[in-house]
Novice: 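For reference, the structure I am asking about is given below.
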2 protein chains.
Amino acid sequence: MTSLPAPMTTPDFVVLGMISLGAGTGYAIKKRVATSIRFFWTISEAQIYPSLERLERAGMVASRLAPSGGRRRRVFELTAAGRGALHDWLVLSEPMPFELRDVGLVRLFFADALSPDEARTLLGAVRRRSEARIAALLAIRPAAAEVSEGKGDHPLLTLRMGIAFHRAIIEVCEAFERETTLN
Amino acid sequence: MTSLPAPMTTPDFVVLGMISLGAGTGYAIKKRVATSIRFFWTISEAQIYPSLERLERAGMVASRLAPSGGRRRRVFELTAAGRGALHDWLVLSEPMPFELRDVGLVRLFFADALSPDEARTLLGAVRRRSEARIAALLAIRPAAAEVSEGKGDHPLLTLRMGIAFHRAIIEVCEAFERETTLN
DNA sequence: GAAGCCATGTAATTGGTTACATGATTAG
DNA sequence: CTAATCATGTAACCAATTACATGGCTTC
């Protein structure tokens, strides 16, 4: 119930959320992120472990030592307070920043400085990049389906969104390619 | 011709690219970014002015003092070396990181922890956010069209992409809403 | 017995933002 | 005359990443 000295940040809620999907180690959280939300949120070990510590001090998670053999191991699970805090954050009506940093689009924006041929090459690179991304998203689909066994399919929903917007990029690339080669 | 002591970063190429669209002040670069690429790349004054200085030392841009009244003013323009460096960067075959950070999708990912009603509210918020983004993109369309007068329409292309992928998100939202309210 | 994975953590650095400081000009 | 916009810069701070350090267990 104790509140954090500093207000909780988004990365804190990400680790809280990952633990809400099932108890696990810091390492497991990292792996879960890599097979789920990594396409719209990343987090590094150097954030996870300190965050876990803060969350425990705040009573949001509880840990127990569960060494496997001689290997140090700490398993975290959600507390009632943690569940409540996560819920409150999820329903919080607050602007949700959508931040994109894409050098591909930046280059494309300046592509009028290129010859038609070079510009077409660049466009192709952007298109293929999205194709590769879709392939990577399809590859993690099984993991997403597994995480939401029975109790909902929001992990699959976010996966669909990732696929949908890369498909949208591909379609615009193809349309533009047709338009420019036509004349 | 002198090369930068440190290798050029993406923000450096962004200011170089903005100058390639026409000479201007640091302040003008900031404004151009705000009415063009800000949806997939941001840059702050604290980056622009030092970057401009570095670019000039490297011979990529040249500045002349052009005070307007008693107001200090420095106008930068592209040099031949700058044009070459920009071109080389644009055709560079190198991975182009696409980085998205979206707390909206993060929340949606964890939305199985919510009641169906709460989850629907969250989904609506995500949808409306993309609708607002499309409106903002349509608002800067005139500025984008102006920038690429005659010599190409890549600025409009990147604008189309922004619109397309927010449309894709909206479509997935609507489809999911239908699916979940149906049963 | 080597490579790779499980696991936990810290230190140093980076890349970037916010806030500040300053001041002239123009539009209402 | 006041607010907004044009314009240039710096200092302090912060979030986050990379790299490092350590070590046991598992699989080939």
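Protein chains get the first letters and strands the later ones, always in sequence-line order, with residue 1 at the start of each. No experiment lies behind these values; they were computed from the predicted model shown. All values below come from the heavy atoms of this structure, side chains included, with hydrogens, waters and symmetry mates left out.
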Novice: So do A:P95 and B:R129 actually touch side chain to side chain, heavy atoms under 4.5 Å?
Specialist: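 With C-beta onward as the side chain, the pair stays apart.
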
Novice: Measure from CD on A:E99 to C1' on C:dG15 and round the result to the nearest Å.
Specialist: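 A:E99 atom CD is separated from C:dG15 atom C1' by 14 Å.
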
Novice: Whole-Å distance between D:dG9 P and B:R54 CZ?
Specialist: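 Rounding to the nearest Å, CZ of B:R54 and P of D:dG9 are 14 Å apart.
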
Novice: Could you tell me how the ring of B:F165 sits relative to the ring of A:F98: parallel (under 30°), tilted (30 to 60°) or perpendicular (over 60°)?
Specialist: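 Plane angle between 30° and 60°, so tilted.
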
Novice: With the side chain of A:R74 defined as its heavy atoms from C-beta on, choose the nearest nucleotide among D:dT8, C:dG16, C:dG9.
Specialist: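 Nearest to the side-chain atoms of A:R74, counting from C-beta on, is C:dG9.
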
Novice: Does B:Y27 place a side-chain N or O at less than 4.0 Å from the phosphate oxygens OP1/OP2 of D:dT8?
Specialist: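 No, B:Y27 has no side-chain N/O under 4.0 Å of OP1/OP2 on D:dT8.
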
Novice: Hey, is B:E146 close enough to B:R141 for a salt bridge, meaning N to O under 4.0 Å?
Specialist: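 No.
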
Novice: Does D:dA16 have OP1 or OP2 under 4.0 Å away from a side-chain N or O of B:R101?
Specialist: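 Answer is yes, contact under 4.0 Å.
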
Novice: To the nearest angstrom, how far is A:R64 atom CZ from C:dA7 atom P?
Specialist: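 Checked: the CZ to P distance equals 13 Å.
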
Novice: Respond yes when some side-chain nitrogen or oxygen of A:T25 is under 4.0 Å from OP1 or OP2 of C:dT8, and no when none is.
Specialist: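 Looking at the OP1 and OP2 atoms of C:dT8, one of them is under 4.0 Å from a side-chain N or O of A:T25.
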
Novice: Hey, is the main chain of A:S63 close enough, under 3.5 Å, to the side chain of A:E56 for a donor-acceptor pair?
Specialist: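 Side chain of A:E56 to backbone of A:S63, a donor-acceptor pair under 3.5 Å: yes, one is there.
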
Novice: Evaluate the salt bridge (charged side-chain N to carboxylate O under 4.0 Å, His left out) criterion for residues A:E171 and A:R127: first the C-alpha distance (whole Å), next the side-chain angles of each, then the deciding distance (0.1 Å), finally the verdict.
Specialist: CA-CA 9 Å; A:E171 273 161 35; A:R127 198 198 61 233; over 6 Å; no

Novice: Take atom CD1 of B:I29 and atom C1' of D:dA7, then tell me their distance rounded to the nearest Å.
Specialist: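 Result: 12 Å.
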
Novice: How would you label the contact of B:R73 with the nucleic acid (heavy atoms, under 4.0 Å): base, sugar-phosphate, or nothing?
Specialist: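 Answer is sugar-phosphate: B:R73 comes under 4.0 Å of backbone atoms only.
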
Novice: Taking only N and O in the side chain of B:Q47, is any of them less than 4.0 Å away from OP1 or OP2 of C:dG15?
Specialist: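 Answer no for this pair, as no side-chain N or O of B:Q47 is under 4.0 Å from OP1 or OP2.
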
Novice: Could you check how far CZ of A:F76 sits from P of C:dA7, rounded to whole Å?
Specialist: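 So the CZ-P distance, A:F76 to C:dA7, works out to 12 Å.
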
Novice: Report the nucleotide, chosen from D:dA16, D:dT18, C:dT17, that has the shortest atom-to-atom distance to any side-chain atom of A:A46.
Specialist: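 The closest nucleotide is D:dT18.
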
Novice: Respond yes when some side-chain nitrogen or oxygen of B:S44 is under 4.0 Å from OP1 or OP2 of C:dT17, and no when none is.
Specialist: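 For B:S44, the contact criterion (side-chain N or O under 4.0 Å from OP1 or OP2 of C:dT17) is met.
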
Novice: Base, sugar-phosphate or nothing for A:P11? Non-hydrogen atoms, less than 4.0 Å.
Specialist: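 Sugar-phosphate, no base atom in range.
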
Novice: Could you state the CD-P distance from A:E56 to C:dG9, rounded to the nearest angstrom?
Specialist: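 That distance rounds to 10 Å.
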
Novice: Does A:K30 or B:T42 map to a spot on DNA chain C nearer the 5' end, using the closest nucleotide for each?
Specialist: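 With A:K30 and B:T42 compared, the 5'-side residue is A:K30.
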
Novice: When the distance from CD of A:E45 to P of D:dT17 is rounded to whole Å, what number comes out?
Specialist: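 My rounded result for the distance is 11 Å.
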
Novice: Return the 5'-most residue of the pair A:W41, B:R71 with respect to DNA chain D, ranking by each residue's nearest nucleotide.
Specialist: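 The residue mapped nearer the 5' terminus is B:R71.
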
